[in-house]
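Structure, as structure tokens:
None of these values were measured; they are calculated from a predicted model. All residue numbers refer to positions in the sequence shown, counting from 1.
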Amino acid sequence: MTYITKPKLHHPSLPKNTLGFTRRDYEGKVSTLCAGCGHDSISAALIEAFWELDIQPHRVAKLSGIGCSSKTPDYFLGNSHGFNTVHGRMPSVLTGANLANRDLIYLGVSGDGDSASIGLGQFAHVMRRGVNMTYILENNGVYGLTKGQFSATADKGSKAKKGMVNSDAPIDTVSLALLMGASFVARSFSGDKKQLVPLVKAAIAHRGAAFIDVISPCVAFNNHPGSTKSYDYVREHNEVVNRLDFWPSRETITVDYSEGGVIEVPQHDGSIIKLRKLHGDYDPTDKINAQSMIASAAHKGEVLTGLLYVAPDAEDLHGHLNTYDTPFNKLGEKDLCPGSAMLDKINAALR
């Protein structure tokens with residue numbers, strides 16, 4: 001329970017990263033979610049990713065909305081900055097925080113109700129604006145806090161736990177993210193840590209709007225036969241397009257091209273995303289092909305996972321707006337208020 005403090009004593013043999021931190025230093029409070037919830041597996045993947053990247057927890061700002069998923073930031077990176085917004089409003093609050101202090105690493109955690117229903121408009125605009133963030137959508141297809149009604153991402157024809165059949169067409173968040181201009185789009189499964197951890201690491205390194213839709217089964221309301229978000233269904237219908245390795249720098253990279261299926265995608269900070277193709281003709285830098293593959297997989301009832309799209313030359317909101325390199329919260333009054341003469345000049349330019 002969140003009111004129970006985790007022991008602070010760590011076993012001396014626990015492995016440490018280059019900062020001298022163990023994985024325990026990246027944990028948070030005790031989870032209150034149901035045992036076996038996919039969201040807890042996502043939290044574990046985030047802990048692993050930040051630990052492996054040697055990121056100091058206080059450099060991270062994690063924001064969320066409302067729902068089971070939006071509770072999870074309490075369960076990882078306990079020494080980071082955090083803000084729990086109102087329902088569906090995480091993207092706009094994160095955008096404001098990012099404009100004020102661009103030096104932090106921004107992590108947005110949301111759910112299918114928080115992002116695909118009440119927050120759909122905010123989700124679309126944060127992708128369109130290219131806010132430099134990693135957006136994790138923990139997608140279980142139901143409203144877990146209100147007893148398992150279908151969410152907007154539930155597939156048409158899928159069955160609820162009590163037998164009701166969903167008659168509404170689903171919102172496919174990866175397709176929407178692509179359409180709205182996200183420059184890094186991926187889908188994964190909470191039960192596939194080997195795939196999810198490097199995807200998170202690559203998303204953190206990416207400059208721009210990085211979106212990962214993670215199918216995360218709800219063990220209480222959506223893990224039964226007839227559900228398309230259950231553990232069994234995703235494992236049986238998972239179509240993986242690539243396997244990803246993330247390299248923080250070029251210095252230690254060794255690439256074997258004998259398979260004929262390896263792509264390197266450089267990132268702005270010098271890191272490398274190395275993809276081993278499982279679909280020989282799949283190019284994650286081809287946006288139109290990505291949209292076609294996603295639609296084709298959905299038509300066949302498959303869950304397409306992996307890095308679906310990445311724009312190697314992406315820039316973020318600060319690049320679009322040509323803002324100061326210095327974070328706004330570190331600027332003085334003279335910089336923030338240049339005077340009436342400059343204001344008159346700006347107003348004249350708008351007439």
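In terms of the ring pair (Phe, Tyr, Trp, His ring centres under 6.0 Å) criterion, residue partners of Tyr233 (sequence neighbours excluded) are, by chain and number, His237. Looking at residues two or more places apart in sequence or on another chain, you find no side chain to side chain donor-acceptor pair (under 3.5 Å) involving Asp232. For Arg207, the salt bridge (Lys or Arg N to Asp or Glu O under 4.0 Å) criterion is met by no residue, not counting sequence neighbours. Partners of Lys62 by salt bridge (Lys or Arg N to Asp or Glu O under 4.0 Å), not counting sequence neighbours: none found. The side chain to side chain contact (heavy atoms under 4.5 Å, CB included) search around Ile346 returns Met342, Leu350, not counting sequence neighbours.
Residue Lys159 qualifies as open at atom NZ: its count of foreign heavy atoms under 6.0 Å is 12 or below. Counting non-hydrogen atoms of other residues, nucleotides and ligands closer than 6.0 Å to OH of Tyr324 gives a total of 12 or fewer. Few gaps surround CG on Leu336; more than 12 heavy atoms of other groups in view lie less than 6.0 Å from it.
No side-chain heavy atom of Asn79 sits less than 4.5 Å from a side-chain heavy atom of Phe21.
Proximity of a side-chain donor or acceptor of Asp54 to a complementary backbone N or O of Leu19 within less than 3.5 Å is not detected. A donor-acceptor pair is defined here as one N or O able to donate and one able to accept, closer than 3.5 Å; no such pair exists between the side chain of Asn101 and the backbone of Pro327. Formation of a donor-acceptor pair under 3.5 Å by the Tyr106 side chain with backbone atoms of Ala97 is found in this model. No donor-acceptor pair under 3.5 Å is formed between the side chain of Asn222 and the backbone N or O of Lys161. Of the possible donor and acceptor atoms, one in the side chain of Ser92 sits under 3.5 Å from a partner among the backbone N and O of Arg89.
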For this session: Step by step, work out the side-chain contact (heavy atoms from CB on, under 4.5 Å) result for Ile212 and Val200.
Result: CA-CA 8 Å; Ile212 307 177; Val200 171; 4.2 Å; yes
Exercise. Could you walk me through whether Ile55 and Ile204 pass the side-chain contact (heavy atoms from CB on, under 4.5 Å) check?
Worked result: CA-CA 10 Å; Ile55 293 174; Ile204 293 168; 4.0 Å; yes
For this session: Test His318 against Asp325 for side chain to side chain donor-acceptor pair (under 3.5 Å), laying out the working first.
Result: CA-CA 9 Å; His318 289 277; Asp325 289 336; over 6 Å; no
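Within the structure, salt bridge (Lys or Arg N to Asp or Glu O under 4.0 Å) contacts touching residues 191-201 (residues at least two apart or in different chains) are Glu52-Lys201, Asp192-Arg243. Residues in residues 77-100 take part in no ring-ring contact (aromatic ring centres under 6.0 Å, His included) pair, two or more places apart or across chains. Applying the salt bridge (Lys or Arg N to Asp or Glu O under 4.0 Å) test to residues at least two apart or on different chains, the pairs with a partner in residues 167-179 are Asp172-Arg187. Legend: ring-ring contact (aromatic ring centres under 6.0 Å, His included) pairs involving residues 192-218, not counting sequence neighbours, sorted by first then second residue: Phe123-Phe211, Tyr135-Phe211, Phe184-His206.
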All N/O donor-acceptor pairs, side-chain side in residues 296-315, below 3.5 Å, sequence neighbours left out:
from: Thr305; atom 1: OG1; to: Gln195; atom 2: NE2; distance (Å): 3.1
from: Thr305; atom 1: OG1; to: Asn238; atom 2: OD1; distance (Å): 2.8
from: Glu315; atom 1: OE2; to: His320; atom 2: ND1; distance (Å): 3.0

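By the 4.5 Å side-chain criterion applied to Ile, Leu, Val, Met, Phe, Trp and Tyr, Val142 is assigned to a cluster that also includes Phe221. Hydrophobic cluster membership for Phe150: Met164 (Ile, Leu, Val, Met, Phe, Trp, Tyr linked by side-chain heavy atoms under 4.5 Å, directly or transitively).
Placement of Ile47 and Phe246 within a single hydrophobic cluster is found when ILVMFWY residues are connected by side-chain heavy-atom separations under 4.5 Å, directly or transitively.
Taking the charged nitrogens against the carboxylate oxygens, Arg102 and Asp316 have no contact shorter than 4.0 Å, which rules out a salt bridge.
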